[in-house]
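Predicted model only: the values in this text are computed from it and were never measured. To find a chain, count down the sequence lines: A is the first, B the second, and so on, and within it residues start at 1.
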There are 2 protein chains.
Amino acid sequence: MNEAKKKRLIERGWKIGSVEEFLQLSPDEAAYVELRLKLSDSLRVQRQKKNLTQVEFAKLVKSSQSRVAKMEAGDSSISLDLLIRSLLALGASNRDLANMIGQDEHGTAG
Amino acid sequence: MNEAKKKRLIERGWKIGSVEEFLQLSPDEAAYVELRLKLSDSLRVQRQKKNLTQVEFAKLVKSSQSRVAKMEAGDSSISLDLLIRSLLALGASNRDLANMIGQDEHGTAG
DNA sequence: GGAATATATGTCTGATTTGACATAATCGCA
DNA sequence: TGCGATTATGTCAAATCAGACATATATTCC
């Protein structure tokens, strides 16, 4: 995980576990956070591909605009559950999800 | 989704949405439930591969035996979040997850 | 059969996540 | 610049999910 990404996470409320240290993640915690980032980013991409505003999208997934904004921002108050259900509601298949998740990195060149 | 699987789900508390009908799932709901099943099943496989009892495993992922049993049973009181964090705790990588999720079907011949 | 081990099911209480709402910030365009 | 549309951030009560515990049901071995 590169530095830009770390910084982004800290701003989003990620302290994780109870590590006092500066985002010192265990491998599985890191994988978890990476995973969420991939899905957040995919979510925004998919929404924009469909030319939906956050408000329209919120209606589609039966949530609210504020929640959508937070989904896309990778906010720590959003669960993987919600991210995934939203992607599915957008029409993604499980295979699509697998592709999103399995990719190495996804355009966060640092 | 085949019939055996449906039956299994109904027993696990899956009514979803507020459909009165007999497990009449929309495509995205179906994909969501399928996804959970894949992860549940993988979880059991991975645990057994490591020769861990549910109790040992529970300790490893900082949960309880009852919760582990429910994870593996695909119980509706378990979130995707917990399933995925547990798989990661077991040592799975995001790529591993992608493989679990992307597979077509996985041995539920009916 | 019975004991030991493993897994399943039900139910509490507390913690987290939810959608909703208010409101602030940012963008696009005349 | 100002206005409308879009996106971001903060807060809340209600709903969901968490670990823990009790207890029931397998499963395995003698």
Take B:T53 and B:Q65, measure what side chain to side chain contact (heavy atoms under 4.5 Å, CB included) needs, and give me the verdict at the end.
-> CA-CA 9 Å; B:T53 67; B:Q65 181 268 326; over 6 Å; no
Show your working on side chain to side chain contact (heavy atoms under 4.5 Å, CB included) between A:K49 and A:Q46 and close with a plain yes or no.
CA-CA 5 Å; A:K49 226 177 226 170; A:Q46 295 305 314; 4.2 Å; yes
Heavy-atom contacts, protein to nucleotides 10-21 of chain C, under 4.0 Å, summarised as B (base), S (sugar-phosphate only) or - (none) per nt, yield BB-----SBBBB
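If you walk DNA chain D from 5' to 3' and mark each nucleotide with an atom closer than 4.0 Å to a heavy atom of chain B, the marks span D:dC17 to D:dC21.
Side-chain N or O atoms of A:R36 include one that pairs as donor or acceptor with a backbone N or O of A:I78 at under 3.5 Å.
To the nearest 0.5 angstrom, A:M100 atom CE is 10.0 Å from A:I84 atom CD1. Note that the CZ atom of A:R12 and the OG atom of A:S40 stand 9.5 Å from one another [nearest 0.5 Å].
Partners of A:S76 by side chain to side chain contact (heavy atoms under 4.5 Å, CB included), not counting sequence neighbours, listed by chain and number: A:W14. Under the salt bridge (Lys or Arg N to Asp or Glu O under 4.0 Å) criterion, A:R67 pairs with no residue at all, not counting sequence neighbours. Residues passing the side chain to side chain contact (heavy atoms under 4.5 Å, CB included) test with B:A89, sequence neighbours excluded: A:D28, B:V61. Scanning for side chain to side chain contact (heavy atoms under 4.5 Å, CB included) contacts around B:S66 gives B:S64, with sequence neighbours left out. Under the rule for a side chain to side chain contact (heavy atoms under 4.5 Å, CB included), the partners of B:D81 that lie at least two apart in sequence or sit in another chain are A:Y32, A:S79, A:L80, A:D81, B:S79, B:R85.
In this structure, B:R44 does not reach the C:dA6 phosphate: none of its side-chain N or O atoms is under 4.0 Å from OP1 or OP2.
For residues 90-99 of chain B, every residue pair satisfying the side chain to side chain donor-acceptor pair (under 3.5 Å) rule, not counting sequence neighbours, is listed here: A:D104-B:R95, B:S93-B:D96. Here salt bridge (charged side-chain N to carboxylate O under 4.0 Å, His left out) pairs that include residues 69-78 of chain B, with residues two or more places apart or in two chains, are B:R44-B:E72, B:R47-B:E72.
Rounded to 10 degrees, the angle between the two end axes of the helix from C:dG1-D:dC30 to C:dA30-D:dT1 is 50°, with five pairs used at each end.
Near DNA chain D, defined here as any heavy-atom distance below 4.0 Å, the residues from residues 46-60 of chain A are A:R47, A:T53, A:Q54, listed numerically.
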